[in-house]
Amino acid sequence: MQGPSSKKGPRVNNDIEEVEVRLIDETGENHGAVETDKAIAMAKTAGLDLVEISPNATPPVCKILDYGKYKYEAQKKASLARKKQKTVEVKEIKLRPGIEKHDYDVKMRSIEKFLGTGDKVKVTLRYRGREMAHQEIGMDVLKRVREQFAEVTKIEQMPKVEGRQTVMILAPK
């Protein structure tokens with residue numbers, strides 16, 4: 001038994017090289033194991049094609065159907081699956097330990113907007129100079145963010161210090 005040919009897609013009619021195939025006709029009735037030549041002849045009399053559906057079975061399963069219509073349906077299904085796909089992006093919000101109330105509120109509205117569209121949010125808190133000596137102030141800011149979004153997010157990564165910055169990742173529930 002040989003696998004599918006190098007041609008893309010299922011083998012059709014005379015491309016099927018096996019001596020015997022398991023045949024399913026256009027009405028869905030199973031005819032069992034049938035010689036390939038006889039199956040192709042049955043497909044021709046019905047005005048349709050013999051299409052190899054399951055090439056790895058023994059003997060391979062073939063179905064009598066309209067190959068053009070079959071290809072069109074498969075293409076339509078694949079395009080619909082691609083259309084329904086949603087890529088999740090990671091948006092980044094940068095904060096500072098001494099952030100003022102208004103600036104903090106603006107950043108929180110951005111986080112709400114990102115979470116609303118289904119994206120993850122990476123909250124980065126940057127320290128400069130002497131702020132490194134008071135990292136607890138920065139941790140309090142991140143704790144405030146975490147508590148504010150506790151109902152609508154899950155914390156994918158708890159606050160983690162990476163050099164001169166602390167990173168936390170929020171994902172929508």
Side-chain angles (χ1 to χ4, degrees), residues 1-94 107-124 142 145-146 148-163 165-173:
M1 186 179 112
Q2 187 179 351
S5 64
S6 61
K7 189 185 94 175
K8 198 171 178 151
R11 294 189 286 189
V12 183
N13 295 334
N14 294 325
D15 292 341
I16 301 169
E17 297 161 352
E18 277 68 21
V19 177
E20 198 174 62
V21 294
R22 190 171 297 136
L23 180 67
I24 299 170
D25 67 11
E26 65 274 11
T27 61
E29 186 181 327
N30 189 350
H31 288 271
V34 177
E35 288 181 17
T36 307
D37 296 335
K38 186 179 175 187
I40 291 172
M42 287 173 70
K44 293 276 187 240
T45 57
L48 299 169
D49 302 301
L50 182 69
V51 180
E52 190 175 47
I53 302 297
S54 179
N56 298 330
T58 314
V61 178
C62 293
K63 199 170 188 177
I64 297 175
L65 46 82
D66 182 355
Y67 183 61
K69 190 175 178 183
Y70 173 77
K71 259 176 49 175
Y72 172 73
E73 293 292 332
Q75 188 179 13
K76 207 162 92 171
K77 203 161 127 183
S79 128
L80 190 65
R82 266 196 310 278
K83 195 163 80 173
K84 286 185 179 178
Q85 238 174 24
K86 165 81 171 92
T87 56
V88 175
E89 291 183 39
V90 179
K91 304 285 190 171
E92 185 175 21
I93 294 289
K94 293 181 181 176
K107 300 276 188 181
M108 294 310 107
R109 280 199 297 274
S110 295
I111 291 176
E112 278 179 29
K113 187 176 77 180
F114 295 150
L115 291 170
T117 58
D119 294 324
K120 293 180 183 180
V121 179
K122 177 180 178 182
V123 182
T124 305
L142 289 177
V145 172
R146 197 170 62 215
Q148 185 170 341
F149 293 104
E151 298 88 45
V152 292
T153 63
K154 62 176 182 267
I155 290 148
E156 199 164 272
Q157 180 184 317
M158 290 301 280
K160 186 169 102 180
V161 178
E162 297 173 350
Q165 64 185 20
T166 304
V167 177
M168 174 175 69
I169 298 178
L170 303 172
K173 278 188 179 174

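Only heavy atoms go into these numbers, but all of them, side chains included; no hydrogens, no water, no symmetry mates.
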Can you confirm whether Pro60 sits close enough to Ile16 that some side-chain heavy atom of one is under 4.5 Å from a side-chain heavy atom of the other? no

Minimal heavy-atom distance between Pro159 and Met168, with the atoms involved, is CG-SD, 3.8 Å

Taking every heavy atom of Ile64 against every heavy atom of Ala39, the minimum-distance pair comes out as CD1-O, 4.4 Å

To the nearest 0.5 Å, tell me how far Asp37 CG sits from Asn14 CG. 8.5 Å

Just wondering, do Val145 and Leu170 contact through their side chains at under 4.5 Å, heavy atoms? yes

Residues in salt bridge (Lys or Arg N to Asp or Glu O under 4.0 Å) contact with Asp119, at least two apart in sequence or another chain: Lys86

Listed by chain and number, what are the salt bridge (Lys or Arg N to Asp or Glu O under 4.0 Å) partners of Lys94, not counting sequence neighbours? none

Partners of Glu92 by salt bridge (Lys or Arg N to Asp or Glu O under 4.0 Å), sequence neighbours excluded? none

Given Val123, which of Thr166, Ile169, Leu142 fulfils the side-chain contact (heavy atoms from CB on, under 4.5 Å) condition? Leu142

If I take atom CD from residue Glu17 and atom CD from residue Glu52, how far apart are they, to the nearest 0.5 angstrom? 9.0 Å

Residues two or more places apart in sequence or in another chain: which of them pass side-chain contact (heavy atoms from CB on, under 4.5 Å) with Gln165? Thr124, Arg126, Glu162, Val167

Decide if atom NZ of Lys173 counts as having more than 12 heavy atoms of other residues, nucleotides or ligands within a radius under 6.0 Å. yes

Identify the heavy atoms of Pro59 and Glu20 that sit nearest to each other, and give their distance. CB-O, 3.4 Å

Note: Ala57 and Val61 closest approach over all heavy atoms is CB-CG2, 4.2 Å

Within the 4.5 Å heavy-atom criterion, are Leu50 and Leu23 side-chain neighbours or not? yes

Rounded at 0.5 Å granularity, tell me how far CZ in Arg11 sits from CG in Asp49. 15.5 Å

Point-to-point distance, once rounded to the nearest 0.5 Å, from CD1 of Ile111 to NZ of Lys91: 13.0 Å

Is it the case that the side chain of Asn30 and the backbone of Ile24 share a donor-acceptor pair, with hydrogens and angles ignored and the cut-off at 3.5 Å? no

Set of side-chain contact (heavy atoms from CB on, under 4.5 Å) partners for Ala171, sequence neighbours left out: Lys120, Lys154, Glu156

Look up atom CZ in Arg22 and atom CD1 in Ile53, then write down how far apart they are to the nearest 0.5 Å. 13.5 Å

Anything under 3.5 Å between a donor and an acceptor, one on a side chain of residues 73-82, the other on a protein residue two or more places apart or in another chain? List them.
none

OH (Tyr70) and CG (Leu48) are apart, to the nearest 0.5 Å, by 14.5 Å

side-chain contact (heavy atoms from CB on, under 4.5 Å) assessment of Glu112 paired with Val152: CA-CA 9 Å; Glu112 278 179 29; Val152 292; over 6 Å; no

Taking the side chain as C-beta and beyond, is there a heavy-atom pair between Glu89 and Phe114 under 4.5 Å? no

